[in-house]
Amino acid sequence: MTTNPTVHTPDPMNNNTATGAHVDNRPVRTWPVLLLALPAFVAIWSGWVGLGELTGFGPVHPLPGIADDFSLNTAITLPIGMETYASYALYVWLSGRIHADRTRSYAKWSAFGSLALGAVGQVAYHLMEAAEITAAPWPVTVLVACLPVVVLGMGAALAHMIARERHTDQAVRTPGAHDPEPAEVVEPVHAVSVREDQADPDPAPTEIAEVAALPDRWEALAHRVCSTDPNGRRDPHRVAAILRLHHEQQWTRAQIADHIGVSPSTVTRTLTAATSHLSEMETTK
């Protein structure tokens with residue numbers, strides 16, 4: 001009696017075992033961006049400074065009577081403000097550290113707007129420089145003069161939105177941490193009978209288990225919802241807060257969105273995703 005030898009054939013779909021390839025898990029280096037940014041920085045800086053000089057920006061003495069010899073060229077405020085804000089807004093949008101949809105959307109579109117304004121400024125300067133124009137037309141001057149104020153407004157708004165999300169996260173993670181302690185109520189002294197002095201019967205074990213499980217109900221449900229999120233962008237503490245406010249406090253979606261710092265559509269999607277898990281938890285009790 002003879003047996004056929006077993007032939008092991010490599011799986012063509014498994015490239016690692018078939019070819020012995022090794023997956024490189026090292027992080028991607030970001031230092032080449034510095035080489036890309038260096039020539040762009042020089043071009044952008046010179047363009048903004050040149051445009052500022054064509055629109056009336058120039059040396060000023062900010063400390064008259066204190067340091068008369070000290071001067072500052074205000075043209076440098078244009079590249080510092082505009083391009084710095086655009087880079088920071090892109091970081092807020094793409095870093096993944098900000099979870100509020102409203103904040104990320106604002107950072108995204110304000111970054112695009114800043115980059116668009118920067119491109120318009122560069123085009124305007126090079127066109128005027130090529131035409132040998134020594135003074136910019138008044139519409140260009142008005143636009144450039146408003147840029148520092150616009151950048152200040154966008155930066156302040158983004159900072160306030162980030163601070164609001166940070167405070168909301170702290171409130172969600174430590175609920176009731178800032179609530180005032182209830183005043184001690186002195187119960188009136190009254191006579192009790194012998195029957196009232198008797199100790200209450202011990203609660204049943206099932207009652208103890210139900211009471212102990214109540215505080216973690218929404219946290220457990222939130223972890224279930226986040227575990228099935230394909231994008232992995234949901235925060236369990238934020239989801240638990242949405243569920244608690246909706247089911248226990250009967251808050252509206254608009255109230256929850258304003259309190260948590262997300263959009264009403266995000267609240268609706270979270271509640272919809274939790275519906276099936278909530279029914280499963282109810283049936284397994």
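Along the sequence shown, residues are numbered consecutively beginning with 1.
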Side chain to side chain contact (heavy atoms under 4.5 Å, CB included) evaluation trace for L54 with I133: CA-CA 8 Å; L54 293 177; I133 297 176; 6.0 Å; no

Flag, side chain of S71 to backbone of H61, donor-acceptor distance under 3.5 Å: no

Salt bridge present between D101 and K108 (N-O < 4.0 angstrom): no

Any H259 side-chain heavy atom under 4.5 Å of Q249 side chain: no

S114 side chain reached by M82 side chain, heavy atoms, under 4.5 Å: yes

Heavy-atom side-chain contact between I260 and I242 under 4.5 Å: yes

Other residues, nucleotides, ligands: >12 heavy atoms within 6.0 Å of H126 NE2: yes

ILVMFWY cluster, V49 and F41 together (side-chain gap under 4.5 Å): yes

Close side-chain approach of L158 to T103, heavy-atom, < 4.5 Å: yes

Shared hydrophobic cluster for L94 and Y106 (ILVMFWY, side-chain gaps under 4.5 Å): no

Side chains of H246 and V267 in contact at under 4.5 Å (non-hydrogen atoms): no

L271 vs R253 side-chain heavy atoms within contact, under 4.5 Å: yes

Taking every non-hydrogen atom, the tightest pair across A222 and L243: N-CD1, 4.3 Å

Check: Q122 side chain, I44 main-chain N or O, donor-acceptor pair, under 3.5 Å: yes

Side chain to side chain contact (heavy atoms under 4.5 Å, CB included) assessment of V140 paired with L51: CA-CA 9 Å; V140 178; L51 182 61; 4.1 Å; yes

Min side-chain heavy-atom separation E219-R244 under 4.5 Å: yes

Set of ring-ring contact (aromatic ring centres under 6.0 Å, His included) partners for H247, sequence neighbours left out: W218

Interatomic distance, L152 atom CG to L147 atom CG [nearest 0.5 angstrom]: 12.5 Å

Aromatic contact, W48 with F57 (centres under 6.0 Å): no

Parallel, tilted or perpendicular: ring planes of F112 versus W109, cut at 30 and 60 degrees: perpendicular

Value rounded to 0.5 Å, distance of CZ in R234 from NE2 in H99: 13.0 Å

Where I76 and P79 come nearest, the two heavy atoms and their spacing: O-CD, 3.3 Å

Shortest non-hydrogen contact between S95 and V92, atoms and distance: OG-O, 3.9 Å

Verify same cluster id: L115, V151 (apolar side-chain graph, 4.5 Å): no

Polar side chain donor-acceptor pair, R269 to T266, under 3.5 angstrom: yes

Separation between CG of D235 and OG1 of T270, rounded to the nearest 0.5 Å: 10.5 Å

Verdict with supporting geometry, W93 and I98, side chain to side chain contact (heavy atoms under 4.5 Å, CB included): CA-CA 7 Å; W93 171 39; I98 301 299; over 6 Å; no

Non-hydrogen atoms of A257 and S263 that approach each other most closely: CB-C, 3.8 Å

Approximate separation, where rounding is to 0.5 Å, of L117 CG and E83 CD: 10.0 Å

Joint cluster assignment, L90 & M154, ILVMFWY side-chain distance < 4.5 Å: no

Side-chain donor-acceptor pair present, S110, Y85, cut-off under 3.5 Å: yes

Co-membership, hydrophobic cluster, residues L78 and L143, 4.5 Å side-chain: no

OH on Y91 to CZ on R97, rounded to 0.5 Å: 4.0 Å

Interatomic distance, T134 atom OG1 to E129 atom CD [nearest 0.5 angstrom]: 10.5 Å

